[in-house]
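In what follows, a single structure is set out as structure tokens and then discussed.
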Amino acid sequence: MNSAAHFFFALTLPEQMKEELHLQSQKLQKDFPFKKWLHRDDYHITLAFLGNASDTQRQEAVRLVESSLKNESSFELTLDGAGIFGDKKSPRILWAGIEESEKLRTIQQKVYDACITAGFKLDKKPFTPHITLARKYTGEQFSLESLQQTADSKQTAEFTATKVSLY
């Protein structure tokens, strides 16, 4: 078992949405200095963070997640603005939001329950669907108002969610 490895289940984004988010991130980078901007291939919606796990435990989680989702079909999601986690003056995470979706909440709960059944101890914080774009603000003072104006939070983009993967 690799002690540095951390695993999680996530909703995989379609390539077109990854490109859309990448273009938005490039626009934001000019005005919002963050230590790390995620690569476009790393964009996803985390459903359950597992942390470190043995091969056996991961395989059991994959089996249970696949079983719990076998009758689920693809569904539409909509990007909805941008936001932050952490201190309002120096946030630790910059994210793209996801419009409220009962179907996404159902999928997340099924994944979460399958991972609990596989023996994982998961975070009990409420599920806040988002796509992380950047980490660790390095500027002087962050402005959420400026972010929302720059990110054009009124702009939305739809995409089809089709796949849950273990990362």
Side-chain angles (χ1 to χ4, degrees), residues 2 4-29 32 34-53 55 57-70 72-86 91-116 118 120-137 147 151-153 155-167:
N2 180 350
H6 295 284
F7 299 94
F8 56 94
F9 282 97
L11 196 63
T12 304
L13 302 180
E15 290 303 315
Q16 181 179 350
M17 184 51 53
K18 288 180 183 181
E19 185 59 27
E20 175 91 21
L21 289 166
H22 176 68
L23 294 172
Q24 184 75 339
S25 288
Q26 287 181 317
K27 180 178 168 185
L28 293 171
Q29 285 178 37
F32 299 95
F34 277 80
K35 185 175 183 177
K36 176 167 176 53
W37 287 86
L38 270 65
H39 188 276
R40 66 182 300 284
D41 292 338
D42 293 332
Y43 297 146
H44 63 272
I45 301 171
T46 301
L47 302 173
F49 183 77
L50 308 178
N52 201 343
D55 288 342
Q57 194 176 26
R58 281 196 323 271
Q59 289 168 1
E60 178 66 0
V62 167
R63 184 186 69 74
L64 290 167
V65 166
E66 286 175 352
S67 176
S68 72
L69 298 179
K70 70 181 174 194
E72 297 293 342
S73 58
S74 61
F75 58 100
E76 297 300 311
L77 288 173
T78 304
L79 282 183
D80 187 24
I84 58 168
F85 291 135
R92 59 183 170 75
I93 301 288
L94 169 67
W95 49 260
I98 304 294
E99 197 173 271
E100 183 62 33
S101 164
E102 191 59 39
K103 183 69 170 182
L104 177 58
R105 292 207 175 271
T106 298
I107 297 296
Q108 187 274 335
Q109 190 63 54
K110 286 184 174 190
V111 170
Y112 186 95
D113 292 347
C115 293
I116 293 291
F120 287 94
K121 296 195 182 342
L122 303 180
D123 194 346
K124 294 188 187 321
K125 284 187 241 169
F127 176 55
T128 305
H130 66 281
I131 302 162
T132 299
L133 301 177
R135 292 189 173 95
K136 296 184 182 171
Y137 185 70
L147 169 68
D152 190 10
S153 60
Q155 178 185 7
T156 59
E158 293 185 358
F159 63 97
T160 303
T162 60
K163 183 178 179 186
V164 171
S165 302
L166 177 67
Y167 286 78

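No experiment lies behind these values; they were computed from the predicted model shown. Position 1 is the first residue of the sequence; numbering continues from there.
- A 4.5 Å side-chain heavy-atom check between Val65 and Leu166 finds every atom pair outside the cut-off.
- Scanning both residues, Ser73 and Lys103, for their nearest heavy atoms gives O-CE, 4.0 Å.
- Here Ala96 pairs with Leu21, Leu79, Ile131, Leu133 under the side-chain contact (heavy atoms from CB on, under 4.5 Å) rule; sequence neighbours left out.
- Shown here for Leu122 and Ala48, the closest heavy-atom pair between the two residues is CD1-CB, 4.1 Å.
- Atom-to-atom distance recorded for Lys110:NZ and Cys115:SG is 14.0 Å, nearest 0.5 angstrom.
- Side-chain contact between Thr132 and Asp42 is absent, with no heavy-atom pair separated by less than 4.5 Å.
- For the side-chain hydrogen bond (donor to acceptor under 3.5 Å, both in side chains) test, no residue two or more places apart in sequence or in another chain qualifies with Gln16.
- For Tyr43 (side chain) and Glu19 (main-chain N/O), no donor-acceptor pair under 3.5 Å exists by modelled atom type.
- Distance check: Ser25 OG to His39 NE2 gives 11.5 Å after rounding to the nearest 0.5 Å.
- Looking at Gln26 and His22, their side chains come closer than 4.5 Å, going by heavy atoms from C-beta outward.
- The aromatic rings of Phe49 and Phe8 lie parallel to each other, their planes meeting at an angle below 30°, with 60° marking the opposite boundary.
- In terms of heavy-atom proximity, Ile93 sits nearest to Phe34 at C-CE2, 4.5 Å.
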query = Between Ile84 and Tyr137, is a side chain to side chain contact (heavy atoms under 4.5 Å, CB included) present by the stated rule, with each step listed?
reply = CA-CA 10 Å; Ile84 58 168; Tyr137 185 70; over 6 Å; no
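- Contacts of Thr12 classified as side-chain hydrogen bond (donor to acceptor under 3.5 Å, both in side chains), with partners at least two apart in sequence or in another chain: Ser165, Tyr167.
- Under the side-chain hydrogen bond (donor to acceptor under 3.5 Å, both in side chains) criterion, Ser67 pairs with no residue at all, not counting sequence neighbours.
- The structure places CG of Leu11 at 7.5 Å from OG1 of Thr162, a figure rounded to the nearest 0.5 Å.
- Between the Glu158 side chain and the Thr78 main chain, no donor and acceptor come within less than 3.5 Å of each other.
- Remark: Arg92 pairs with no residue by the salt bridge (Lys or Arg N to Asp or Glu O under 4.0 Å) rule, at least two apart or across chains.
- Between Asn52 and His6, the closest heavy-atom pair is N-ND1, 4.0 Å.
- For Lys163, the NZ atom counts as loosely surrounded, since its 6.0 Å shell holds 12 or fewer non-hydrogen atoms of other residues, nucleotides or ligands.
- Taking a cutoff of 4.0 Å between a charged side-chain nitrogen and a carboxylate oxygen, Arg40 and Glu15 qualify as a salt bridge.
- Of all non-hydrogen atoms in Phe159 and Leu13, the two that sit nearest each other are CE1-CD2, 3.6 Å.
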ask   = For Glu60 and Phe120, what are the C-alpha separation, side-chain angles and deciding distance, and is it a side chain to side chain contact (heavy atoms under 4.5 Å, CB included)?
value = CA-CA 10 Å; Glu60 178 66 0; Phe120 287 94; over 6 Å; no
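- Asp55 and Arg58 are joined by a salt bridge, as a carboxylate oxygen and a charged side-chain nitrogen come within less than 4.0 angstrom of each other.
- Here Glu100 pairs with Arg105 under the salt bridge (Lys or Arg N to Asp or Glu O under 4.0 Å) rule; sequence neighbours left out.
- To the nearest 0.5 Å, atoms CE (Met17) and NE2 (His44) are separated by 15.5 Å.
- The distance from atom CG of Leu147 to atom CG of Leu28, rounded to the nearest 0.5 Å, is 6.0 Å.
- Rounding to the nearest 0.5 Å places CG of Leu47 at 6.5 Å from CG of Leu104.
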